[in-house]
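Below: the structure, in structure tokens.
Letters A, B, ... mirror the listed sequences (proteins, then strands); counts begin at 1.
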Amino acid sequence: MKNYWLMKSEPDAFSIEDLEKRENGTEPWDGIRNYQARNFMRDDMKIGDAVLFYHSNCKTPGVVGVAEIASEAYPDPTAFDSKSKYFDEKSDPENPRWILVDVRFVDKLPRTVSLSEMKETAALKDMKILQRGNRLSITPVAKKEFDHILKMAKS
DNA sequence: GCCAACGTTGGC
DNA sequence: GCCAACGTTGGC
């Protein structure tokens, strides 16, 4: 069974347009330093899973595109790079603490489905992203929520 | 194991 | 830029 996800990114750092421009539209999703998000990548993500690409910390936060999972989880090299802002001296290369998956561009939505609009939509009320104080950068999404957001983007 | 202090996230 | 919510750290 295919799984569905929502992944946040700050467009100033890495936007859906940046993803589209990457070779093969593919980018290693590095820098995840939260255990819950890591465990989703490690335990539940599979190649071909569908992703809602969400822009956070910007003028109009919301879902802007669709991507897909393009690799199994593998060690995040930035954890071992002392020059990286994601460097973690406590991550042992023999037993990596942090992992990542490759994410591939699929589509930009015809329009942004904004966070405020999502909040007003009864069919989306259970989404983790709408729950109070949720800061998780990777959250599972129900297929019907995923489909509903795509439908909203087309209307 | 508790919990205060601290750093980060992210909407507004 | 503000600040509430949250996760992590580290002293005890």
From dC12(B), dA4(C), dG7(C), nucleotide with atom closest to Arg132(A) side chain: dA4(C)
query: Does dT9(B) have OP1 or OP2 sitting under 4.0 Å from an N or O in the side chain of Tyr54(A)?
result: no
field: Main-chain N/O of Ala123(A) paired to Thr121(A) side chain as donor or acceptor, under 3.5 Å
entry: no
message: Can you measure Arg97(A) atom CZ to dG7(C) atom C1' for me and round it to whole angstrom units?
response: 14 Å
message: In this structure, how many angstroms lie between the C1' atom of dT9(B) and the NZ atom of Lys128(A), rounded?
response: 18 Å
message: With rounding to the nearest 0.5 angstrom, report the NZ to CG distance, Lys143(A) to Asn3(A).
response: 12.0 Å
- request: For Ile129(A) and dA5(C), give me the distance from atom CD1 to atom P, rounded to whole Å.
  value: 17 Å
task: Output yes when at least one side-chain N/O atom of Arg135(A) is less than 4.0 Å from OP1 or OP2 of dG7(C), else no.
output: no
- prompt: In whole angstroms, how far is the P atom of dT8(B) from the CD atom of Glu10(A)?
  reply: 12 Å
- prompt: Just how far, in rounded Å, is P of dC6(C) from CD of Gln131(A)?
  reply: 11 Å
- request: May I have the distance from Trp98(A) (atom CH2) to dT8(C) (atom C1'), rounded to whole angstrom?
  value: 10 Å
- prompt: What is the distance from atom CZ of Phe80(A) to atom CZ of Arg97(A), rounded to the nearest 0.5 Å?
  reply: 10.5 Å
field: Interatomic distance where CG belongs to Leu136(A) and P belongs to dA5(C) [whole Å]
entry: 17 Å
message: It should be established whether Lys8(A) places a side-chain nitrogen or oxygen under 4.0 Å from OP1 or OP2 of nucleotide dT9(B).
response: no
query: How would you label the contact of Lys90(A) with the nucleic acid (heavy atoms, under 4.0 Å): base, sugar-phosphate, or nothing?
result: sugar-phosphate
query: When the ring planes of Phe14(A) and Phe53(A) are compared, do they come out parallel, tilted or perpendicular, using 30° and 60° as the limits?
result: tilted
- request: Decide yes or no for Leu150(A) and Leu109(A): does some side-chain heavy atom of the first lie under 4.5 Å from some side-chain heavy atom of the second?
  value: yes
query: How long is the line joining CG of Asn34(A) and P of dA5(C), in whole Å?
result: 19 Å
query: Taking for each residue the nucleotide of DNA chain C with the nearest heavy atom, is it Arg33(A) or Asn57(A) whose nucleotide lies nearer the 5' end?
result: Asn57(A)
